[in-house]
Enquirer: 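My structure is below; once you've seen it, I'll send some questions.
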Amino acid sequence: MHWRNGTDYYGLMAILFHWVVAAGVIGLFALGLWMVELTYYDPWYKTSLGWHKAFGVLLFGVMVARLIWRLTNPRPRPHGRWWERRAAEAAHLGLYLLIFAAMVAGYLISTADGSDIDVFGLFSVPATLTGKGQEDIAGEIHEILAWTIIGLASLHALAAVKHAAIDRDGTLRRMLRPGP
């Protein structure tokens, strides 16, 4: 089993980063959907908000590490026709950009009143930018980005299923099992 990518396979680190980010994005989206339905007086209101912020900060760290890993490792040869490869590259770039943008918007919501973001009592992320109306504007942007991420991630998942069920070219298998 290889930690690093090869020309025909993903290494264990790339696979772990992929699935941790996927689980984190889906989990944060589901938590976000649930928590916006809570009232201020609901006992879970502050807890869910704190978890959403803290896990968002941790996912940001994972995304930075994933980006560094991706830039310092070879990428396996892509499968598919030229237009599928271009679409996959655009989708991957879009997912990276959208996820980072959603995190910045989340940060701007959370720190609009000058409060730091507490990460499970381990450390805090300080508020650096505050402004009038920042929470509302960043909140709208955050919601739009979250739905867009889920939409693009769904297309990404459908493409993986297509590669597995129709093309049978091993694309999905490469992201499930590290190389030799």
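For reference, positions follow the sequence shown, starting with 1.
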Enquirer: Tell me if a side-chain donor or acceptor on Asn5 pairs with a main-chain N or O of Gly11 at a distance below 3.5 Å.
Expert: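 Yes; at least one donor-acceptor contact below 3.5 Å.
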Enquirer: Give a yes-or-no answer on whether the side chains of Tyr96 and Arg66 include a donor-acceptor pair shorter than 3.5 Å.
Expert: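 Present: a donor and an acceptor within the cut-off.
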Enquirer: Considering residues at least two apart in sequence or located in another chain, which fulfil the salt bridge (Lys or Arg N to Asp or Glu O under 4.0 Å) criterion with Asp136?
Expert: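 So Asp136 forms no salt bridge (Lys or Arg N to Asp or Glu O under 4.0 Å) with any residue.
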Enquirer: Are the side chain of Gln134 and the backbone of Gly131 linked by a donor-acceptor contact shorter than 3.5 Å?
Expert: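 Yes, the answer is positive, given that a donor and an acceptor are paired below the 3.5 Å cut-off.
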Enquirer: Is the backbone of Ser115 close enough, under 3.5 Å, to the side chain of Asp113 for a donor and an acceptor to pair up by distance?
Expert: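 Yes; at least one donor-acceptor contact below 3.5 Å.
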Enquirer: Is the gap between the ring centers of Tyr107 and Phe60 under 6.0 Å?
Expert: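 No, they do not, as the ring centres are separated by 6.0 Å or more.
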Enquirer: With rounding to the nearest 0.5 angstrom, report the CD1 to NE2 distance, Ile109 to His52.
Expert: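 So the gap between those two atoms works out to 7.5 Å.
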Enquirer: Using the six-membered ring wherever Trp is involved, compare the ring planes of His2 and Tyr9 and label them parallel, tilted or perpendicular (cut-offs 30° and 60°).
Expert: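 Ring orientation, 0 to 90° scale: tilted.
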Enquirer: So does Leu49 get a backbone contact from the side chain of Trp44, meaning a donor-acceptor N/O pair under 3.5 Å?
Expert: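 No, Trp44 side chain to Leu49 backbone: no donor-acceptor pair under 3.5 Å.
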Enquirer: Between the side chain of Asn73 and the main-chain N/O of Trp69, is any donor-acceptor distance below 3.5 Å?
Expert: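 Between the backbone of Trp69 and the side chain of Asn73 there is a qualifying donor-acceptor contact (under 3.5 Å).
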Enquirer: Under 3.5 Å, is there a donor-acceptor pair between the side chain of Arg85 and the main chain of Gly80?
Expert: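 A pair under 3.5 Å: yes.
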Enquirer: When you measure from the side chain of Asp118 to the backbone N and O of Ser124, does any donor-acceptor pair fall under 3.5 Å?
Expert: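 Not at all, since once roles are kept as given, no pair shorter than 3.5 Å links the two residues.
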Enquirer: For the backbone of Thr111 and the side chain of Glu135, can you confirm whether one donor and one acceptor N or O come within less than 3.5 Å of each other?
Expert: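 Not confirmed, Glu135 side chain does not pair with Thr111 backbone.
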Enquirer: Quick one: does Glu84's side chain have a donor or acceptor within less than 3.5 Å of a partner on Arg81's backbone?
Expert: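 Yes.
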Enquirer: I'd like to know whether CH2 of Trp3 has more than 12 heavy-atom contacts from other residues, nucleotides or ligands below 6.0 angstrom.
Expert: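 No, CH2 of Trp3 has 12 or fewer neighbouring heavy atoms, counting only those of other groups under 6.0 Å.
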Enquirer: Keeping His142 on the side-chain end and Ala105 on the backbone end, is there a donor-acceptor pair under 3.5 Å?
Expert: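 Not confirmed, His142 side chain does not pair with Ala105 backbone.
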Enquirer: Linking I/L/V/M/F/W/Y whenever any side-chain heavy atoms sit under 4.5 Å apart, do Val62 and Ile15 land together?
Expert: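 No; tracing contacts between hydrophobic side chains, which count when under 4.5 Å, never links both residues.
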Enquirer: Is there a path of hydrophobic side-chain contacts, each under 4.5 Å between heavy atoms, that joins Leu58 and Trp19?
Expert: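 No, it is not one cluster - the side chains of Leu58 and Trp19 are not joined through contacts under 4.5 Å.
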Enquirer: Take the angle between the ring planes of His18 and His156 and call it parallel below 30°, perpendicular above 60°, tilted in between.
Expert: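 Ring orientation, 0 to 90° scale: tilted.
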